[in-house]
Amino acid sequence: IGIWIGWLLSTVLIAPQLRARGFITVPDFFDHRFGDVGPFLRGFSAIFIAGIYLVYTTGQYVAGGLIFELVFGMNQLVAAALIAILVLAYTAVGGMQISMYSDLIQFALLGGGLVVATVVGLTTIGGLSTLNAAVLAIDPVLVSPINKPAQILGLTVAFSAGMAAA
């Protein structure tokens with residue numbers, strides 16, 4: 001829930017104020033607002049943000065390295081390093097615009113893959129009713145409506161964590 005609140009506050013309160021004053025980033029604002037110490041604050045906040053993103057993206061590089069290891073038999077550390085270098089290179093060359101296009105392509109591939117996997121999976125097992133009956137035989141709670149606050153909280157946290165990772 002925290003990621004949603006932070007994103008909403010940034011979108012509604014902070015970003016419009018920055019844009020209205022001609023700034024794109026918080027470090028830009030710090031540089032302008034705080035005069036003599038502005039360049040220091042700009043640099044410090046940029047390093048801080050880069051550190052946070054390093055922590056944020058490390059898990060994604062490790063996961064990518066694991067996938068390359070499983071699919072191609074490549075060393076996981078080497079694969080993760082290659083993925084990080086590739087992302088750094090195309091971001092340095094193309095900036096945010098190339099990152100946006102990369103995200104669009106990834107979204108299309110993931111969305112298309114999800115649709116194909118769902119159709120193939122349901123076709124293979126005999127349809128949604130067969131799936132529902134098989135899951136019901138394993139544990140009826142798995143196909144019951146969500147009616148417990150703990151389940152709703154768990155799904156909310158899982159969804160928020162997924163959004164944070166995205």
Side-chain angles (χ1 to χ4, degrees), residues 1-16 18-19 24-26 46 49-166:
I1 294 175
I3 189 75
W4 285 100
I5 293 171
W7 178 81
L8 184 63
L9 289 175
S10 288
T11 301
V12 173
L13 300 177
I14 297 171
L18 289 174
R19 301 299 179 270
I24 296 174
T25 66
V26 172
I49 291 168
I52 295 298
Y53 271 93
L54 178 64
V55 171
Y56 167 73
T57 57
T58 298
Q60 295 175 27
Y61 297 141
V62 169
L66 180 60
I67 290 170
F68 272 57
E69 180 181 41
L70 295 172
V71 174
F72 303 115
M74 195 175 203
N75 179 288
Q76 183 180 359
L77 181 60
V78 172
L82 287 174
I83 292 168
I85 291 168
L86 175 67
V87 170
L88 181 62
Y90 77 67
T91 303
V93 171
M96 285 302 292
Q97 187 172 18
I98 197 77
S99 291
M100 178 187 67
Y101 289 130
S102 170
D103 287 348
L104 178 65
I105 292 167
Q106 290 174 34
F107 174 77
L109 288 172
L110 289 170
L114 178 62
V115 169
V116 169
T118 302
V119 169
V120 168
L122 286 175
T123 303
T124 301
I125 63 167
L128 195 55
S129 59
T130 305
L131 174 64
N132 193 35
V135 172
L136 186 62
I138 295 170
D139 186 355
V141 173
L142 295 174
V143 290
S144 66
I146 297 174
N147 56 11
K148 297 177 184 172
Q151 288 176 322
I152 295 170
L153 178 62
L155 287 173
T156 301
V157 169
F159 182 72
S160 297
M163 288 303 296

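In this text, all values refer to a predicted model and were calculated from it rather than measured experimentally. Because only heavy atoms are used, hydrogens play no part in the values below, and waters and symmetry mates are left out as well, while side chains stay in.
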Take Thr58 and Leu54 through the side chain to side chain contact (heavy atoms under 4.5 Å, CB included) test and state the conclusion after the steps. CA-CA 6 Å; Thr58 298; Leu54 178 64; 4.1 Å; yes
Look up atom CZ in Phe68 and atom CG in Leu77, then write down how far apart they are to the nearest 0.5 Å. 14.0 Å
May I ask you to check whether over 12 heavy atoms, not counting those of Tyr90, lie within 6.0 Å of atom OH? yes
A side-chain contact here means heavy atoms from C-beta on lying under 4.5 Å apart; do Gln76 and Leu70 qualify? no
Check whether any side-chain N or O of Thr57 sits under 3.5 Å from a backbone N or O of Tyr53 as a donor-acceptor pair, and report yes or no. yes
For a 4.5 angstrom cut-off between non-hydrogen side-chain atoms, does Val87 reach Gln60? no
Run the side chain to side chain contact (heavy atoms under 4.5 Å, CB included) check on Val26 and Leu18 step by step: do they pass? CA-CA 8 Å; Val26 172; Leu18 289 174; 4.0 Å; yes
Nearest 0.5 angstrom please: Gln97 CD to Thr91 OG1, how far? 12.5 Å
Give me the atom names and distance for the closest heavy-atom approach of Ala79 to Met74. CB-SD, 3.8 Å
Rounded to the nearest 0.5 Å, the CG atom of Leu122 sits from the OG atom of Ser129 at a distance of 9.5 Å
Here the gap from Ile125 atom CD1 to Asn132 atom CG, rounded to the nearest 0.5 Å, amounts to 9.5 Å
Shortest non-hydrogen separation from Val120 to Thr124 and the atoms involved: O-OG1, 2.7 Å
How far does CD1 of Ile98 sit from CE of Met100, to the nearest 0.5 angstrom? 9.0 Å
Could you check whether atom CD1 of Ile24 has more than 12 heavy atoms from other residues, nucleotides or ligands sitting under 6.0 Å from it? no
Dump the intermediate steps for side chain to side chain contact (heavy atoms under 4.5 Å, CB included) on Leu82 and Val78, then the final yes or no. CA-CA 6 Å; Leu82 287 174; Val78 172; 4.1 Å; yes
Mind running side chain to side chain contact (heavy atoms under 4.5 Å, CB included) on Leu131 and Leu128 for me, showing each step along the way? CA-CA 5 Å; Leu131 174 64; Leu128 195 55; 4.2 Å; yes
State, to 0.1 Å, how close Gly64 and Ile83 come at their nearest heavy-atom pair, and which atoms those are. C-CD1, 3.5 Å
